[in-house]
Number of protein chains: 2
Amino acid sequence: MECKVGRRSDHSKEELYELALQAAREIIDADGPRALTARNVAGAIGYSPGTLYNLFENLDDLITHLNGRLLDEMGDALAGTPVGDDTSENLMLLLHRYLSFIGERANLWNLVFEHTIPGDRVPTWYRRKVEKVISILEGALAPAFHCIDGEGPNRSARVLLASLHGIWSLGSSGKLDMMTSETTTEMAENLIATYVAGIEACREHGNAC
Amino acid sequence: MECKVGRRSDHSKEELYELALQAAREIIDADGPRALTARNVAGAIGYSPGTLYNLFENLDDLITHLNGRLLDEMGDALAGTPVGDDTSENLMLLLHRYLSFIGERANLWNLVFEHTIPGDRVPTWYRRKVEKVISILEGALAPAFHCIDGEGPNRSARVLLASLHGIWSLGSSGKLDMMTSETTTEMAENLIATYVAGIEACREHGNAC
DNA sequence: CTGACCTATTGAACGTCGTTCAATTTGCTG
DNA sequence: CAGCAAATTGAACGACGTTCAATAGGTCAG
């Protein structure tokens with residue numbers, strides 16, 4: 001009988017990877033970021049802590065991979081959003097998908113994006129996932145620039161994505177709240193409406209913004 | 001002789017508070033966020049870990065107070081920035097002070113603003129410090145709105161502050177970097193220029209942004 | 001089928017962490 | 001000078017991330 005230790009064949013390495021990521025998500029959602037410990041994840045998937053270190057370099061690495069997975073899903077959530085000629089409308093549709101995606105996994109999103117990837121460099125595969133989200137924004141911004149390939153859409157997509165990140169980040173941490181309870185959504189909508197109006201104003205006046 | 005333990009009168013409670021905050025800053029600057037431990041701070045000021053718990057509720061509380069102190073200093077760094085009739089110019093001046101303030105204490109700023117204040121609510125004294133910074137931005141935004149007291153400048157100040165936070169946050173973590181090395185400064189300048197242009201465009205066209 | 005290798009898995013172990021608290025010493029008050 | 005209050009300590013607790021010798025199961029050559 002299987003008494004103490006030794007090799008198992010309950011799951012392949014890929015299955016274990018998925019199990020671990022999924023368990024990590026559930027732990028964070030249920031008990032908050034500080035409950036994400038190696039022992040908790042290992043216990044949740046029915047393995048010992050040491051096994052996690054066959055799958056990930058360390059806990060930071062697990063979080064980085066969770067971060068990547070979340071970026072994938074954000075990309076999926078934004079993909080397929082209809083794109084028309086009205087840049088503002090395009091972005092508003094994306095915004096609401098963006099915010100509801102985050103809102104449904106607030107704890108997870110916060111942990112994972114406030115996590116600083118240690119070491120010197122963010123992995124390449126991670127940056128590719130970011131690029132994918134950026135490119136969706138670029139598509140939505142294209143009408144305002146009359147092109148999709150220029151420097152303008154790319155820069156604006158980055159600026160907007162980072163800005164939305166900041167609005168969510170400060171908003172959800174409660175650090176911006178005040179007497180007038182301006183919601184995260186209202187701020188984000190204001191950002192997009194005003195920024196897009198700025199792009200169009202600059203184009204019409206031939207101004208370099 | 002003073003052999004083992006007992007009350008000391010080397011420093012007042014206020015002095016200890018300052019010593020601890022200062023030691024925490026130096027530890028973070030020198031050895032990074034993960035070196036900020038109760039034992040390290042206590043050792044740096046020549047006291048035992050337990051003493052910190054006479055000054056702060058816990059380590060989170062210490063970080064929150066450090067956060068507050070940093071907000072004060074940011075307020076001081078932005079205060080006195082000349083304000084003219086050109087909103088964009090006003091904000092650009094503020095932006096460069098903002099970014100150089102953060103850049104000089106990057107580790108500290110990141111730790112302290114990625115730190116989620118635990119419990120339910122952000123303390124009132126903290127929000128007041130945020131309001132102070134916001135009000136500086138409001139002043140700079142006033143010319144674009146032809147008034148300073150309306151809902152417009154306040155909302156825009158919040159939107160811009162949060163957006164800049166996001167740009168710095170993603171930029172400094174390396175999560176946005178790419179082939180074309182767009183710098184944090186360029187993105188922030190683009191945000192401000194475009195956003196201000198948007199405000200003015202909306203005002204001229206009577207559009208509600 | 002068998003035995004030797006390989007690899008996944010374990011659980012104990014190490015050092016460190018945040019935090020608590022009885023014990024102790026000092027300053028202060030009357 | 002007695003006695004109380006406050007401050008300080010250091011040991012202790014449980015939990016943490018991480019490592020690793022030991023062990024069990026799978027694999028495969030012969």
Side-chain angles (χ1 to χ4, degrees), chain A residues 1-21 23-24 27-28 30-67 111-112 115-119, chain B residues 1-21 23-24 27-28 30-67 111-112 115-119:
Chain A
M1 58 184 195
E2 73 295 342
C3 276
K4 288 286 180 56
V5 294
R7 187 172 191 161
R8 283 204 228 160
S9 47
D10 301 352
H11 307 95
S12 72
K13 206 155 187 169
E14 289 75 18
E15 285 173 329
L16 273 181
Y17 176 91
E18 294 300 329
L19 281 175
L21 283 192
I27 288 169
I28 296 168
D31 299 328
R34 285 173 143 104
L36 184 70
T37 70
R39 286 172 173 83
N40 278 349
V41 174
I45 65 176
Y47 283 77
S48 87
T51 296
L52 287 182
Y53 291 81
N54 271 15
L55 307 168
F56 305 95
E57 214 177 297
N58 49 39
L59 247 202
D60 280 319
D61 190 41
L62 185 151
I63 297 177
T64 301
H65 279 82
L66 196 48
N67 194 329
L111 169 75
V112 127
H115 173 252
T116 299
I117 299 177
Chain B
M1 60 184 193
E2 73 295 341
C3 277
K4 288 285 181 57
V5 295
R7 186 172 191 160
R8 282 202 229 162
S9 45
D10 301 353
H11 306 95
S12 72
K13 207 155 186 170
E14 289 77 16
E15 285 173 329
L16 273 181
Y17 176 91
E18 293 300 330
L19 281 175
L21 282 194
I27 288 169
I28 297 169
D31 299 329
R34 285 174 143 104
L36 183 70
T37 70
R39 286 171 174 85
N40 278 349
V41 174
I45 65 177
Y47 281 77
S48 87
T51 296
L52 287 183
Y53 290 80
N54 271 15
L55 306 168
F56 305 95
E57 214 177 298
N58 48 39
L59 247 202
D60 280 319
D61 190 42
L62 186 152
I63 297 177
T64 301
H65 280 80
L66 196 48
N67 194 329
L111 169 74
V112 127
H115 173 251
T116 300
I117 299 178

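In this structure, the side chains of A:L66 and A:I28 come closer than 4.5 Å at one or more pairs of heavy atoms. Within the 4.5 Å cutoff, the side chain of B:H115 has no heavy atoms near those of the B:L111 side chain. The shortest distance between side-chain heavy atoms of A:P49 and A:L52 does not fall below 4.5 Å. Using a 4.5 Å heavy-atom cutoff, the side chains of A:F56 and A:L21 are in contact. The side-chain heavy atoms of B:I63 and B:L36, taken from C-beta on, include a pair separated by under 4.5 Å.
In this structure, the separation between OH on A:Y17 and CG on A:N54 is 15.0 Å, given to the nearest 0.5 Å. Between A:R8 atom CZ and A:L16 atom CG the span is 8.5 Å, to the nearest 0.5 Å.
DNA chain C is contacted by both B:R34 and A:Y47; A:Y47 maps to the nucleotide lying nearer its 5′ end (nearest heavy atom per residue). Nearest-nucleotide assignment on DNA chain D puts the 5′-proximal partner with B:K13, out of B:P49 and B:K13.
Separating the CD1 atom of A:I27 from the P atom of D:dG17 is a distance of 10 Å, rounded to the nearest angstrom. Between the CG atom of A:L19 and the P atom of C:dA8 there is a distance of 16 Å, rounded to whole Å. In this structure, B:I45 places its CD1 atom 13 Å from C1' of D:dA7, rounding to the nearest Å. In this structure, B:L52 places its CG atom 14 Å from C1' of C:dC17, rounding to the nearest Å. Atom CD in B:E15 sits about 14 Å away from atom P in D:dA7, given to the nearest Å.
For D:dA15, the OP1/OP2 oxygens have no side-chain nitrogen or oxygen of A:T37 closer than 4.0 Å. A close approach under 4.0 Å does occur between a side-chain nitrogen or oxygen of B:R8 and OP1 or OP2 of D:dT9. Within the 4.0 Å cut-off from OP1 or OP2 of D:dA7, not a single side-chain nitrogen or oxygen of B:S9 is found. Residue B:S48 places none of its side-chain N or O atoms closer than 4.0 Å to OP1 or OP2 of D:dG10.
Closest contact between the side chain of A:R7 and the listed nucleotides C:dT26, D:dC16, C:dT7 involves C:dT7. Here C:dC17 is the nucleotide among C:dA13, C:dT9, C:dC17 with the atom lying nearest to any side-chain atom of B:R39.
For DNA chain C, the neighbouring residues in residues 53-66 of chain A, judged by any heavy atom under 4.0 Å, are A:N54.
Looking at heavy-atom distances under 4.0 Å, B:L16 makes contact with sugar-phosphate atoms alone, never a base.
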